[in-house]
Amino acid sequence: MWRRVASLSSSISSSFLAQTASRLNSWESLTTGIAQQAKGVIAPKEKTPFITFVLGGPGSGKGTQCIKIVETFGFAHLSAGDLLRREIASKSADGAMILNTIKEGKIVPSQVTVKLIQKEMELSDNHKFLIDGFPRTEENRVSFERIIGVEPNVVLFFDCPEEEMVKRVLNRNEGRVDDNLETIKKRLTVFQALSLPVINYYSEKGKLYTIKAIGTEDEIFEQVRPIFAAFEVCSVSAMILSIQLCCFFLLHFESENLTTALFLLNLFGIFVMFLI
Ligand SMILES: Nc1ncnc2c1ncn2[C@@H]1O[C@H](COP(=O)(O)OP(=O)(O)OP(=O)(O)O)[C@@H](O)[C@H]1O
Ligand SMILES: Nc1ccn([C@@H]2O[C@H](COP(=O)(O)O)[C@@H](O)[C@H]2O)c(=O)n1
Ligand SMILES: [Mg+2]
């Protein structure tokens, strides 16, 4: 169901109404998530997904920050790299091809990665997703939009100097086949050539939030926190405003002309949310 809602909104994305609807969807999906989390209720699939892509070079700290975002804002964390490594470990049909691609620091065909992400999204009870390490290429991006039928609400870019990224990867010590100097150099070249254009694309669309990924993990998270906090504040304010207006209209019309009152309320609500 969320797929249908999302593709409907993306098909009218050039218009004023679409922009407004997109904001409404973002806020609505974030608010319901917070409320349901507090009550411990599982979010139904009908909710519009709230999608955050998490981008940055190898070792820029994407995974580390995703853990903090999950703890604070209750997202589901889908790491494209982890999903691919799980395929290798499960010895699936694509396992050997994925292993060779990762060893070479190259990019796995988009269809394979998007299908893995799609499966995880469908299995999840959450509707707020952090998609980590994806899209890595224009082909990844287009494939996601075609297969999943949605665009991200937010794109985070962890901007880190190469020297620091190399140091972090070489110290990672998790036994990854690509954590060696030779593969890191290849991954950095792929990042410059194929991933930066995707980052620029989202910058032009006004969806990109660039984080200076140097300093301690906590210092970096203090740059991330306000981004999601702002979405929460907007959604909670919009909810309170709607309730206030609802009370006002119901009293004003003494419930005689409820339909007109609700219509006016909706119009006003959309107007106010667009302004915010
Ligand atoms: N701010 C930081 N300062 C120092 N080390 C860090 C910082 N953030 C993360 N690290 C460490 O750097 C290493 C790489 O971090 P992380 O795995 O989060 O990066 P990543 O962007 O997910 O990398 P990859 O794309 O290779 O998966 C880890 O060992 C992590 O503990
Ligand atoms: N969209 C993606 C993401 C990852 N890969 C491959 O996995 C490697 C490790 O990814 P991390 O996000 O864990 O760094 C990466 O170097 C690619 O080989 C991919 O192909 N497509
Ligand atoms: Mg990672």
Side-chain angles (χ1 to χ4, degrees), residues 51-71 77-89 94-118 120 129-145 147-148 152 155-199 210-224:
I51 293 182
T52 299
F53 285 155
V54 184
L55 307 179
S60 57
K62 301 181 292 297
T64 305
Q65 293 298 320
C66 280
I67 293 170
K68 289 178 177 290
I69 299 168
V70 167
E71 282 168 5
H77 177 203
L78 309 185
S79 156
D82 285 350
L83 293 175
L84 293 168
R85 283 184 283 275
R86 201 169 74 187
E87 282 298 288
I88 299 171
D94 288 324
M97 176 275 290
I98 296 172
L99 176 61
N100 287 332
T101 310
I102 289 182
K103 273 185 184 164
E104 284 302 310
K106 292 183 179 160
I107 302 299
V108 172
S110 298
Q111 176 129 346
V112 173
T113 315
V114 175
K115 290 282 176 195
L116 293 174
I117 294 172
Q118 182 183 35
E120 290 302 302
F129 298 100
L130 276 181
I131 306 188
D132 166 6
F134 185 96
R136 287 281 231 278
T137 62
E138 277 293 297
E139 194 214 12
N140 266 188
R141 179 183 71 72
V142 171
S143 184
F144 184 90
E145 282 173 20
I147 296 175
I148 312 286
V155 180
L156 299 183
F157 167 41
F158 290 93
D159 189 11
C160 191
E162 280 198 4
E163 219 180 83
E164 176 68 15
M165 293 196 276
V166 172
K167 197 171 83 188
R168 287 183 192 174
V169 168
L170 292 178
N171 285 332
R172 181 154 44 188
N173 225 4
E174 286 177 6
R176 278 177 51 164
V177 292
D178 51 351
D179 280 357
N180 56 76
L181 196 55
E182 195 188 337
T183 313
I184 294 163
K185 282 183 186 163
K186 290 178 184 168
R187 295 179 69 199
L188 286 169
T189 307
V190 166
F191 175 71
Q192 292 284 338
L194 303 180
S195 306
L196 278 183
V198 180
I199 289 163
T210 300
I211 313 293
K212 287 196 180 71
I214 34 176
T216 66
E217 292 173 15
D218 286 343
E219 281 166 354
I220 294 166
F221 186 64
E222 287 316 313
Q223 296 176 62
V224 174

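Numbering of residues begins at 1 and proceeds along the displayed sequence. Everything numeric here is computed off the predicted structure, so don't read it as measured data. Counting starts at 1 for both ligands and their atoms, in listed order.
Applying the salt bridge (charged side-chain N to carboxylate O under 4.0 Å, His left out) rule to pairs touching residues 102-117 yields Glu104-Lys186, sequence neighbours excluded.
With a 4.0 Å cut-off on non-hydrogen atoms, Glu219 does not touch ligand 1 at all. At a heavy-atom distance under 4.0 Å, no atom of Glu174 approaches ligand 1. At a 4.0 Å heavy-atom cut-off, ligand 2 does not touch Glu139 at all. With a 4.0 Å cut-off on non-hydrogen atoms, Val169 does not touch ligand 1 at all. Here Lys106 has backbone heavy atoms under 4.0 Å from ligand 2, and that is the only part of it that gets that close.
Between Ser79 and ligand 2, a contact under 3.5 Å exists for no N or O pair. Considering backbone and side-chain N/O of Asp82, none are found under 3.5 Å from N/O of ligand 2. Checking only distances, Asp132 never comes within under 3.5 Å of ligand 2, N or O to N or O. Geometrically, ligand 2 and Val108 share a nitrogen or oxygen pair separated by less than 3.5 Å. Polar contact check, Asp132 against ligand 1: no nitrogen or oxygen pair lies under 3.5 Å apart.
Judged by the shortest distance from any of its heavy atoms, Arg85 lies inside the 4.0 Å radius around the atoms of ligand 2. Residue contacts with ligand 2 leave out Lys62, since none of its heavy atoms falls under 4.0 Å from the ligand.
Near Ala80, meaning under 4.0 Å from any of its heavy atoms, are these atoms of ligand 2: 1 (N), 3 (C). Of all atoms in ligand 2, listed by their number and element, those nearer than 4.0 Å to a heavy atom of Gly133 are 1 (N), 2 (C), 3 (C).
Without hydrogens or angle criteria, Thr101 side chain to Met97 main chain gives a donor-acceptor distance under 3.5 Å. At distances below 3.5 Å, at least one donor-acceptor pair connects side-chain atoms of Ser195 with backbone N or O atoms of Arg136.
Other residues, nucleotides and ligands contribute more than 12 heavy atoms inside 6.0 Å of the CD atom of Glu138.
Here the heavy atom of the protein found nearest to atom 26 (O) of ligand 1 is Arg172 NH2, 2.8 Å.
Ser110 meets the side-chain hydrogen bond (donor to acceptor under 3.5 Å, both in side chains) test with Glu139, Asn140; sequence neighbours excluded.
Distances from atom 19 (C) of ligand 2 to the heavy atoms of Thr113, Ile98, Leu84 put Leu84 nearest.
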